[in-house]
Amino acid sequence: MRTDTGHVFKLTDYKPTDFVVERIDLTFELDPKATKVVSRVILHRREGVAKDAPLVLDGDELALDDLLLDGVEMDPALYEATPDSLTINGLPESTPFEITVTTTLSPETNTKLMGLYRTNGVYCTQCEAEGFRRITYFYDRPDVLTVYTVTIIADKEDAKLLLSNGNFLGGGNYDEGRHFAAWFDPHPKPSYLFALVGGDLGVVEDTFTTMNGREVALKIYVEHGKESRAAYAMDALKRSMKWDEEVYGREYDLDIFQIVAVSDFNMGAMENKGLNVFNDKYVLADPDTATDADYANIEAIIAHEYFHNWTGNRITCRDWFQLCLKEGLTVYRDHAFSADQRSAPVKRIAEIRLLKAHQFPEDAGPLAHPVRPETYREINNFYTATVYEKGSELVRMIHTILGPDDFRKGMDLYFERHDGEAATIEDFLACFAETSGRDLKQFALWYSQAGTPSVSVSTDWNEAKNSFDVTLEQSLAPTPGQSRKAVMHIPLAYGLILPDGSEFDGQPTGGDASGGVFHLTKRKQTYRFANVPGRPVLSINRGFSAPVNIAMEQSPEDLAHISRHDSDGVSRWQALNDFATRHLVSAARLMRDGRTPPAATALCDVLIEIAEDQSLEPAFRAQALSLPAESDIAREIGTNIDPDAIHAAREAMLAEVGRAGREVFAALASSAPAGPYSADAAAAGQRALAAAALSYLAIGEASPERPKAVFDAADNMTVQSQTLQILAHQFPVAAETTDALETFKSRYEANPLVLDKWYSIQAMVPGARTCSRIEELLASPDFDRNNPNRMRALIGAFSAGNPTGFNRADGAGYRLLAREVIEIDTRNPQLAARLLTAMRSWRSLEPGRQDQARLALVSIRDAGKLSADVSDIVDRMLAG
Ligand code: B3K
Ligand code: ZN
């Protein structure tokens with residue numbers, strides 16, 4: 001394992017390479033234990049570089065077999081090879097030269113799942129961020145773009161299919177029992193986009209005709225027998241290709257686009273040029289095995305990886321500090337795609353929920369970092385909610401500030417100017433500044449300042465003068481390494497809702513505001529609205545136009561007014577969510593002190609009114625009924641968190657809503673769509689509403705009969721898993737629950753992706769007992785510890801998705817995670833580090849739990865030989 005060197009990489013240290021790569025030619029002879037890799041690279045010394053400067057290439061756990069210069073064996077005195085670098089001296093001063101580097105790899109024992117590895121008999125690669133250096137010595141950095149030719153030789157039976165990036169050149173018999181295939185990718189690319197796949201897989205084929213009439217072959221490879229489960233992914237791919245042409249004018253640029261689904265993968269998917277590799281969880285779907293959420297994820301991730309072809313591949317990042325340049329922008333694009341394919345407000349609500357659940361806590365804790373970090377020890381730890389999700393919000397704000405036309409012009413210029421290049425955030429922003437004539441310097445602070453800004457809002461209604469003042473004041477708390485922050489440009493969309501529910505459309509004075517957006521650019525600003533006919537209610541940060549926390553005193557009546565009347569669906573949900581959050585926060589505080597919270601009658605009334613409002617789409621009503629999660633309440637409380645009190649407060653409120661809306665829920669619980677399952681968003685919304693209603697009903701009932709009956713009658717995975725969850729979480733010890741769990745397990749024994757759901761549902765059963773259930777499940781002989789999906793399904797769901805179970809007061813949950821992280825780290829550091837981030841908010845817990853959490857973290861830190869991935873996370877979590 002590459003143990004921690006403690007080296008810190010800095011954005012300010014950026015320097016181009018000494019040598020320029022002209023092209024690379026790779027030959028692989030695949031073998032499970034000894035794959036031979038021959039890399040022939042043509043380079044020349046960059047102008048101005050000292051004539052004796054050596055060529056220094058990256059490696060990681062490599063051993064050099066052989067090195068040639070222009071076809072001739074090199075004198076060993078001229079080079080030095082270590083596992084992580086190859087330094088070559090004595091190279092030509094100005095003429096191009098060719099080096100031939102030979103290495104041997106063992107894909108079968110590569111448990112890190114970085115570089116070339118084998119999963120279920122399939123050879124595959126993962127090179128982002130620094131996996132290519134585990135294949136051969138090379139300039140493994142994103143600003144080195146070159147053209148790749150790849151030849152793969154392998155056993156005909158073992159690897160019938162031989163794939164790489166770009167277009168197929170040819171193939172055929174090689175020697176006794178072996179065949180070969182050659183691929184050429186004409187588009188210069190960095191090494192992190194290299195991919196190779198070899199194996200025996202089934203294929204689903206289709207074609208797409210581009211806007212200029214070129215026909216592209218589309219292929220999705222899956223394990224034999226699973227072909228029918230790739231149909232939805234194929235459909236999503238074609239819709240993505242069309243959408244990128246229509247919305248951004250971006251056409252696909254190779255003869256073929258291929259996707260390979262594999263079962264052991266550290267992340268969701270990877271956008272390798274022309275050859276995406278996917279976690280099979282985000283490809284395979286049919287009604288019997290995938291939920292509505294799975295379908296939505298598949299659509300979003302297929303689109304995301306496809307969109308990277310332009311935002312990431314054609315234009316890549318100069319260095320890894322610029323990761324958000326491709327990730328934030330591509331998330332923004334996949335969000336817009338899903339919003340167009342589904343319901344835009346419902347999609348936006350889901351995005352806001354996700355951002356607040358994952359990114360806000362990251363920004364508020366020891367792992368906080370800017371969207372464009374300025375230092376890192378291990379780049380894999382920066383594929384975060386901040387880089388991705390907040391990064392996307394920044395692009396969304398650019399869109400809000402510029403408006404759709406100037407935004408599109410800026411994107412067009414970006415594509416035109418930087419195509420084929422490795423760019424920076426400065427390059428990106430310059431395109432928008434140029435096309436819109438706006439100065440984006442202050443806005444750029446969003447990329448460098450970590451932390452979630454807070455905007456406090458106060459309003460003043462002058463009845464006599466019919467004027468309404470809105471005062472906004474921004475602040476940003478210190479974050480690791482950043483004690484002082486500058487004032488930012490915060491675009492806050494707003495509306496004034498009049499007493500009759502209509503909207504006031506007058507313009508304010510006192511500061512920059514246009515098109516219903518306050519542009520807060522000073523620390524404090526007051527806007528005045530004149531001639532307002534009656535006391536308005538302010539709806540602020542509509543659609544979550546800026547990723548900030550709003551601090552505003554708003555009465556329950558005003559929040560109810562917005563949630564009933566706002567013309568913007570997202571704002572209606574936001575008001576309702578604020579309303580519920582306030583109640584839950586104060587109820588949890590009271591319960592922590594042993595007191596009983598008051599009833600939430602007004603809140604129940606609005607919730608139930610919305611639940612039965614037929615004019616609203618079912619998916620929206622389901623979102624409205626889904627109360628803030630325990631983690632949302634904890635985040636709002638901020639310090640001295642008692643997860644048990646929060647759980648109790650939330651349960652009490654669920655029961656109250658359930659009682660108040662009993663009849664409405666009884667009707668809705670049976671409103672799921674009839675007939676065969678359809679994955680479309682409307683049907684999914686109906687199922688979500690029915691499930692929410694069923695869950696409210698079940699909470700007030702002593703018997704699990706109702707959810708059990710729905711479980712037994714279910715003909716699709718969505719309803720099966722929803723009802724299994726209701727049973728397991730609300731009736732954990734009932735015989736019906738045991739029966740349903742057993743039925744489910746035996747029905748899906750042969751399907752790991754479905755079994756993952758079975759593990760997750762149990763991992764998230766609230767309460768102290770779950771910890772020992774996790775131990776039992778871990779110990780069962782059929783538990784596959786080497787599969788990342790399985791570990792995330794059990795350990796990840798428990799530690800990140802079960803506040804009362806994981807945060808057991810005696811610290812058993814933390815100890816379990818610490819032990820697992822140390823063990824997983826010996827095989828798969830990336831996975832271990834990712835799982836450990838579940839503890840990032842440990843400092844906001846009450847003192848007893850904090851002590852337990854600290855002990856667990858210290859036990860990891862002191863465990864000895866840790867990977868760079870885990871030591872970076874644990875050190876940052878313990879710092880300060
Ligand atoms: N770019 C990849 C993520 C790679 C993660 C490396 N640790 C998938 C994506 O964001 O599209
Ligand atoms: Zn991405």
Side-chain angles (χ1 to χ4, degrees), residues 2 60 112-115 117 124-134 140-142 165 189-195 233 236-237 240 244 259-262 264-283 297-317 319-338 354 358 371 373 376-392 395 422 788 792 828-837 867-870 872-873:
R2 182 164 57 138
D60 179 13
K112 289 186 174 172
L113 314 186
M114 280 297 274
Y117 65 97
C124 80
T125 53
Q126 170 58 37
C127 291
E128 187 176 1
E130 298 177 335
F132 193 74
R133 62 184 64 186
R134 295 171 57 75
D140 192 16
R141 41 187 279 175
N165 316 88
K189 64 168 174 287
S191 53
Y192 82 86
L193 291 173
F194 165 79
L237 173 61
S240 308
D244 214 14
I259 291 175
V260 180
V262 301
D264 295 288
F265 207 59
N266 274 345
M267 60 217 79
M270 179 62 212
E271 71 264 24
N272 317 301
K273 182 77 186 189
L275 178 57
N276 290 358
V277 177
F278 268 64
N279 186 327
D280 58 1
K281 178 177 162 70
Y282 298 116
V283 171
N297 281 333
I298 290 170
E299 180 182 79
I301 297 178
I302 292 271
H304 179 98
E305 306 310 332
Y306 176 72
F307 296 157
H308 266 315
N309 190 56
W310 275 94
T311 50
N313 301 4
R314 291 286 291 245
I315 306 180
T316 192
C317 304
D319 51 64
W320 291 122
F321 297 100
Q322 322 291 331
L323 184 57
C324 65
L325 178 72
K326 74 176 178 82
E327 294 305 347
L329 176 56
T330 306
V331 171
Y332 173 76
R333 277 151 51 72
D334 86 56
H335 282 176
F337 168 75
S338 293
L354 198 85
H358 297 289
V371 170
Y376 64 77
R377 273 166 63 190
E378 174 50 62
I379 188 57
N380 281 318
N381 288 337
F382 283 85
Y383 288 75
T384 59
T386 297
V387 169
Y388 277 66
E389 265 66 45
K390 189 174 177 183
S392 162
V395 180
R792 284 186 286 255
N828 188 338
Q830 245 182 82
L831 177 64
R834 180 52 67 110
L835 290 171
L836 179 57
T837 61
S867 66
D869 308 60
V870 167
D872 169 41
I873 297 284

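Residues take their numbers from the sequence shown, with the count starting at 1. Predicted, not measured: the structure shown is a model, and the values here were computed from it. All values below were derived from every heavy atom in this structure, side-chain atoms included, with hydrogens, water molecules and symmetry-related copies excluded. Whatever order the structure lists them in is the order used to number ligands and atoms, beginning at 1.
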Present, as a list of atom pairs with distances to 0.1 Å, all nitrogen or oxygen contacts under 3.5 Å between ligand 1 and the protein.
from     : atom 1 : to   : atom 2 : distance (Å)
ligand 1 : 1 (N)  : E128 : OE1    : 2.6
ligand 1 : 1 (N)  : E271 : OE1    : 2.8
ligand 1 : 1 (N)  : E271 : OE2    : 3.4
ligand 1 : 1 (N)  : K326 : NZ     : 3.4
ligand 1 : 1 (N)  : E327 : OE2    : 3.1
ligand 1 : 7 (N)  : N380 : OD1    : 2.9
ligand 1 : 10 (O) : E327 : OE1    : 3.0
ligand 1 : 10 (O) : E327 : OE2    : 3.1
ligand 1 : 10 (O) : Y388 : OH     : 2.5
ligand 1 : 11 (O) : E271 : OE1    : 3.3
ligand 1 : 11 (O) : H304 : NE2    : 3.1
ligand 1 : 11 (O) : E305 : OE1    : 2.8
ligand 1 : 11 (O) : E305 : OE2    : 2.9
ligand 1 : 11 (O) : H308 : NE2    : 3.1

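In the model, N266 has a side-chain atom that pairs as donor or acceptor with a side-chain atom of N828 under 3.5 Å. Residues T311 and Y332 have side chains that never bring a donor and an acceptor to within less than 3.5 angstrom of each other.
Every side-chain contact (heavy atoms from CB on, under 4.5 Å) that C317 has, sequence neighbours left out, goes to Q322, L325, K326. With sequence neighbours excluded, the residues forming a side-chain contact (heavy atoms from CB on, under 4.5 Å) with A233 are I220, V283, I298, I302, listed by chain and number. The side-chain contact (heavy atoms from CB on, under 4.5 Å) search around N297 returns Y282, not counting sequence neighbours.
For E327, the N, O or S atom with the smallest separation from the Zn ion (ligand 2) is OE1. Sorting the N, O or S atoms of H308 by how far they are from the Zn ion (ligand 2) puts NE2 first.
The aromatic rings of F321 and Y376 lie tilted to each other, with the angle between the two planes from 30° to 60°. Between F132 and F194, the ring planes are perpendicular. Angles over 60° get that label, and only those under 30° would be called parallel.
Here E271 does not reach the Zn ion (ligand 2): none of its N/O/S atoms is less than 2.8 Å from the metal.
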